[in-house]
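Read through the structure below, which is laid out as structure tokens, and then see the notes.
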Amino acid sequence: MKAPNEEAPPATAGGAAPVPAPRGRPARERLNPPSWLAMTFLLPALLLLGFLVVYPIVYSVIRSFFDASGDGFVGVDNYTGVFKGHDNLVAVRNTAIWVVVAPTVVTIVGLVFAVLTERIRWGTVFKLVVFMPMAISFLASGVIFRLVYQQDPDKGVANAALVAIHDTFAQGTTYPGAGPRSGGNQPVRAEGGGVVTVNQVAAGRSALVPLLKVKPEYLPKDAKPAAQAPPPRPGRLTGTVWFDFTKGGGGQPNAPNAGEYGLPGIKVEAVKDGKVVAKATTEADGTFTMKKVPDGGYTIRLPAANFTAAYNGAEWLGGTLITPAIIGSYLWVWAGFAMVLIAAGLAAIPRDALEAARVDGATEWQVFRRVTIPLLAPVLVVVLVTLVINVLKVFDLVYIIGGGDPDASVLALQMWTESFGGGDDQGAGSAIAVLLFVLVLPAMLFNVRRIRQERS
């Protein structure tokens, strides 16, 4: 029986009394495993993490204070040595260039791709194509771009494109190494890298300009047999420039003979008192004609530009272009990564905000600059910081494409060189490794902080 003053338990909606919770530990504690059991399962992972991560970090820090042999304590000399010596300073400079340029360019390109792919019909296919390089290892990417940047335009895609563009806007044929016949009593002579006639040619007359030492590979396929100069006419200067060489010997020197070819595409100038009065370009048979030439005597000159080497593109893998070239290959690999993350951020932007801006009269550029970019700022920062962490560790592309060129070295490559690539100084290499760890740490902490803020 119920005590007189005892209240009845409140009834539930169905009329049944609630089931009282069992006495003892709270319900949440009963659902969680004991701490010792959780640690038992985590212990193997913690041991592996300590062996693969913590121990190498601690050992590298300790090793960085000793010399190459590992016996002599040198204090911070290895750290100060990072900023001494030509190779180390080049590596520091290139690392700074990478950190400033590469993440910024990749983020901007990824942003442009992400925005544009929202407006084209085949946006998904384009994203797939741009993202595909992420499936290729850095080693394979380095081999690919090592071939792309080959100096020979017949092998390197980059220089093939440059030569095609150059030849489209700067048409002309050159004959490197060609020149006049040596000896006295010749109609032409070498001067200032070019070729000039020994005697002046009067207006209304013709000039013969024989050349030798024309290599077969430089003789154009459209070259025709050398022809006699066009008939002289008043007010004109005519002539022939040809390869004065007959296969098998024979023929009369300094005169076009059967079997000798004209040299097309050569620039010809008529010079008087140091000034160029008229210009012409030789035809396929080597002949040229200058019109409206005033009376008087002129020196016929073939400028030195006719005898310089043909344009073969840029020297991508040497000099000042090697670091920008490697950054270009990095852009090819990581642009898809940035595009996909930024596209995901674009998809999360409320369309109402964009439409409201357009209704208020904002142009597409204003909507992009004042609405889209501010709403995408958190995603852009995450992409930028992630790329900064990545470029501080870049090694594969620099090692493969640079081919050991000191002008392309970065700190990660210099660390490997000092420790294992011939330097045999693991103390100096450990100092560079610790320095890289210190540089990466703030960016990592920044990313972790942002992730925690997003979860809270």
How many angstroms lie between [atom1] in [X] and [atom2] in [Y], if you round to the nearest 0.5 Å?
| X | Y | atom1 | atom2 | value |
| --- | --- | --- | --- | --- |
| K291 | R236 | NZ | CZ | 5.0 Å |
| L380 | T372 | CG | OG1 | 10.5 Å |
| T289 | L237 | OG1 | CG | 9.5 Å |
| I144 | L139 | CD1 | CG | 10.0 Å |
| N78 | S430 | CG | OG | 8.0 Å |
| I165 | Y311 | CD1 | OH | 9.0 Å |

Considering all heavy atoms of both residues, which atom of [X] and which atom of [Y] are nearest to each other, and what is their separation?
| X | Y | result |
| --- | --- | --- |
| V333 | M134 | O-SD, 3.2 Å |
| G318 | D405 | CA-OD2, 4.2 Å |
| G110 | I342 | C-CD1, 3.9 Å |
| I322 | G402 | CD1-CA, 3.9 Å |
| V106 | A338 | O-CB, 3.8 Å |
| A343 | A114 | N-CB, 3.8 Å |

Can you tell me if [X] has over 12 outside heavy atoms packed within less than 6.0 Å of its [atom1]?
| X | atom1 | result |
| --- | --- | --- |
| R358 | CZ | yes |
| M444 | CE | no |
| R369 | CZ | yes |
| D360 | CG | yes |
| D295 | CG | no |

Legend entry - F446/L441 under side-chain contact (heavy atoms from CB on, under 4.5 Å): CA gap, chis, key distance, verdict: CA-CA 9 Å; F446 178 83; L441 196 58; over 6 Å; no
[Y] side chain reached by [X] side chain, heavy atoms, under 4.5 Å:
| X | Y | answer |
| --- | --- | --- |
| T287 | P230 | yes |
| V383 | L387 | yes |
| L263 | Y175 | yes |
| P264 | E283 | no |
| D244 | N257 | yes |
| T308 | P176 | no |
| Y149 | N159 | no |
| L413 | T417 | yes |

Legend entry - V440: which of V388, L435, L445, L392 passes side chain to side chain contact (heavy atoms under 4.5 Å, CB included):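 Result for side chain to side chain contact (heavy atoms under 4.5 Å, CB included) with V440: L392.
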Between [Y] and [X], is there a side-chain donor-acceptor contact under 3.5 Å, judged purely by atom types and distance?
| X | Y | result |
| --- | --- | --- |
| N88 | Q414 | yes |
| T246 | E260 | yes |
| T238 | S206 | yes |

Report the residues that fulfil ring pair (Phe, Tyr, Trp, His ring centres under 6.0 Å) with [X], sequence neighbours left out, ordered by chain and then residue number.
| X | value |
| --- | --- |
| Y218 | none |
| F307 | none |
| F113 | F126 |

Legend entry - salt bridge (charged side-chain N to carboxylate O under 4.0 Å, His left out) pairs, two or more places apart, involving residues 186-214: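 Listed once each, the pairs are R189-E191.
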Quick one: does any side-chain atom of [X] pair with a main-chain N or O of [Y] as donor and acceptor, under 3.5 Å?
| X | Y | answer |
| --- | --- | --- |
| T197 | N199 | yes |
| Y298 | Q200 | no |
| T282 | F288 | no |
| D67 | G427 | no |
| T281 | K267 | no |
| N94 | S409 | yes |

Legend entry - Full working for side-chain contact (heavy atoms from CB on, under 4.5 Å) between R181 and N254: CA-CA 9 Å; R181 180 180 280 106; N254 301 325; 3.0 Å; yes
Inset, instruction - Decide side-chain contact (heavy atoms from CB on, under 4.5 Å) for V53 and I57; before the verdict, give the C-alpha distance in whole Å, the side-chain angles of both, and the deciding distance to 0.1 Å. - result: CA-CA 6 Å; V53 177; I57 293 175; 3.9 Å; yes
Inset, instruction - With sequence neighbours excluded, give me every side-chain hydrogen bond (donor to acceptor under 3.5 Å, both in side chains) pair touching residues 319-348. - result: Y330-N390
Legend entry - Pairs touching residues 118-137 that satisfy side-chain hydrogen bond (donor to acceptor under 3.5 Å, both in side chains), sequence neighbours left out: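 The answer is E118-R351, R119-E364.
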Inset, instruction - Given side-chain contact (heavy atoms from CB on, under 4.5 Å), test L346 with V115 step by step and report yes or no. - result: CA-CA 8 Å; L346 280 173; V115 172; 4.0 Å; yes
Inset, instruction - Tell me whether the centres of the aromatic rings in F138 and F395 are closer together than 6.0 Å. - result: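 F138 vs F395: aromatic centres not under 6.0 Å.
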Legend entry - Residue pair F243, Y261: steps toward the ring-ring contact (aromatic ring centres under 6.0 Å, His included) verdict: CA-CA 6 Å; F243 184 25; Y261 284 87; 8.7 Å; no
